[in-house]
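A quick note: this is a predicted structure, and the numbers were derived from the prediction, not measured. One-based numbering along the sequence shown. Below, all heavy atoms of this structure are taken into account, side chains as well, without hydrogens, waters or symmetry copies.
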Amino acid sequence: MNDARIRIEPSWKERIGGYLERPDMQALSSFLRDEKQHGKVIFPPGPDIFAAFDHTPFDAVRVVILGQDPYHGPGQAHGLCFSVRPGVPTPPSLQNIYKEIHRDLGLPIPDHGCLLPWADQGVLLLNAVLTVEQGQAASHQGKGWEGFTDAAIDALNREREGLVFMLWGAYAQRKGQLIDRKKHCVLTSVHPSPLSAHRGFIGCGHFSAANAYLSERGQDTVDWSLPRRADLPA
């Protein structure tokens with residue numbers, strides 16, 4: 001994968017950049033190029049594909065939230081799982097995440113869906129699959145991204161200690177097989193989508209639990225509140 005528009009932060013490139021040269025990743029790159037040449041619209045835009053890594057360097061990661069694949073509506077996906085750009089309506093799963101944070105920590109529900117302030121605090125917002133075709137959920141599953149994101153999680157598991165992994169839903173929990181629970185805190189729940197959130201996501205207490213774990217280890221906690229949309233950086 002050598003698309004000039006693709007950026008990956010140096011500390012991540014050092015650990016998983018070599019994976020991009022593998023034959024399966026070259027095949028993925030060819031697939032994406034062919035899809036675009038045939039008029040398919042791919043989300044997120046090329047420069048945002050690796051945004052999760054760009055905003056949260058390897059050594060800065062404290063919490064990992066694992067999503068499935070990007071939003072497939074126009075203007076939604078920008079490379080951070082569950083997040084949308086300011087001004088884009090907050091998707092239902094993120095609305096439920098906000099409801100649980102409000103229930104768990106008493107924080108106000110934000111007036112936007114941009115999670116960049118979390119990413120900049122060390123919350124890796126990683127989808128298992130990093131691209132999707134417009135209007136076609138899960139359309140790029142099984143094309144090669146899963147191995148790449150497995151490599152990222154494996155690097156964190158091996159080289160870091162005391163991270164919090166939030167795994168919501170069966171798909172994310174399968175990735176949890178890569179994580180040593182003696183070294184890290186793994187929090188599991190059903191997915192926050194409207195189809196399942198009422199079956200245990202609302203009430204899971206993951207946000208207070210993450211901060212309690214970090215605090216016990218002498219690490220800074222995450223400020224799960226978000227600034228008002230008007231106060232976000234331009």
Any chance you could lay out the side chain to side chain contact (heavy atoms under 4.5 Å, CB included) test for L126 and F53, step after step, and finish with the verdict?
CA-CA 8 Å; L126 182 64; F53 300 106; 3.6 Å; yes
Taking the ring of Y98 and the ring of F82, is the distance between their centroids below 6.0 Å?
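No, the ring of F82 stays outside the 6.0 Å limit from the ring of Y98, centre to centre.
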Centroid-centroid distance, H184 to F165, less than 6.0 Å:
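Ring-ring flag for H184/F165: true, centres closer than 6.0 Å.
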Is there a donor-acceptor pair under 3.5 Å between the side chain of [X] and the backbone N or O of [Y]?
X	Y	value
D111	R228	no
Q26	L20	yes
K99	I109	no
Q173	S189	yes

Distance in Å, [X] [atom1] paired with [Y] [atom2], rounded so as to fall on 0.5 Å steps:
X	Y	atom1	atom2	result
W224	I97	CH2	CD1	9.5 Å
H38	K36	NE2	NZ	14.5 Å
D150	Q177	CG	CD	9.5 Å
S225	I101	OG	CD1	9.0 Å

Would a 4.5 Å heavy-atom cut-off, applied to side chains only, mark V164 and L187 as touching?
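V164 vs L187: side chains touch.
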Qualifying residues under salt bridge (Lys or Arg N to Asp or Glu O under 4.0 Å), relative to D180, sequence neighbours excluded
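Expected list: none.
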Holding to salt bridge (Lys or Arg N to Asp or Glu O under 4.0 Å), I want the full list of residues that pass it with K13, two or more places apart in sequence or in another chain.
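Not a single residue meets the salt bridge (Lys or Arg N to Asp or Glu O under 4.0 Å) criterion with K13.
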Applying side-chain contact (heavy atoms from CB on, under 4.5 Å), name anything that partners E146, two or more places apart in sequence or on another chain.
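Only V129, Q141, Y171, K175 meet the side-chain contact (heavy atoms from CB on, under 4.5 Å) criterion with E146.
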For [X], give me all partners under side-chain hydrogen bond (donor to acceptor under 3.5 Å, both in side chains), at least two apart in sequence or on another chain.
X	result
S11	E9
H112	none
R103	E100
R62	none

Ring pair (Phe, Tyr, Trp, His ring centres under 6.0 Å) partners for [X], two or more places apart:
X	value
H78	none
H55	none
Y71	none

Minimal non-hydrogen separation, P117 against P227, with atom names:
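Looking at all heavy atoms of both residues, the closest pair is CG-CD, 3.8 Å.
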Among Ile, Leu, Val, Met, Phe, Trp and Tyr joined by side-chain contacts under 4.5 Å, find the other residues sharing a cluster with L195 and list them by chain and number.
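Direct or chained contacts put L195 with none.
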Check step by step if side chain to side chain contact (heavy atoms under 4.5 Å, CB included) holds for H140 and D69.
CA-CA 8 Å; H140 291 181; D69 61 347; over 6 Å; no
Go through the steps to decide whether I65 and C81 satisfy the test side chain to side chain contact (heavy atoms under 4.5 Å, CB included), and finish with yes or no.
CA-CA 8 Å; I65 297 179; C81 74; 4.1 Å; yes
Return each pair, listed once, that meets side chain to side chain donor-acceptor pair (under 3.5 Å) where at least one residue sits in residues 200-220; pairs must be two or more places apart or across chains.
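Non-adjacent pairs meeting side chain to side chain donor-acceptor pair (under 3.5 Å): D104-S208, W168-H206.
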Judged by modelled atom types alone, do H191 and S196 share a side-chain donor-acceptor pair under 3.5 Å?
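There is no such pair between these side chains.
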Same cluster for L214 and L124 if Ile/Leu/Val/Met/Phe/Trp/Tyr side chains link at under 4.5 Å?
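Each belongs to a different hydrophobic cluster.
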Lys/Arg N to Asp/Glu carboxylate O, D48 vs R85, below 4.0 Å
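A salt bridge is present here (some side-chain N lies under 4.0 Å from a carboxylate O).
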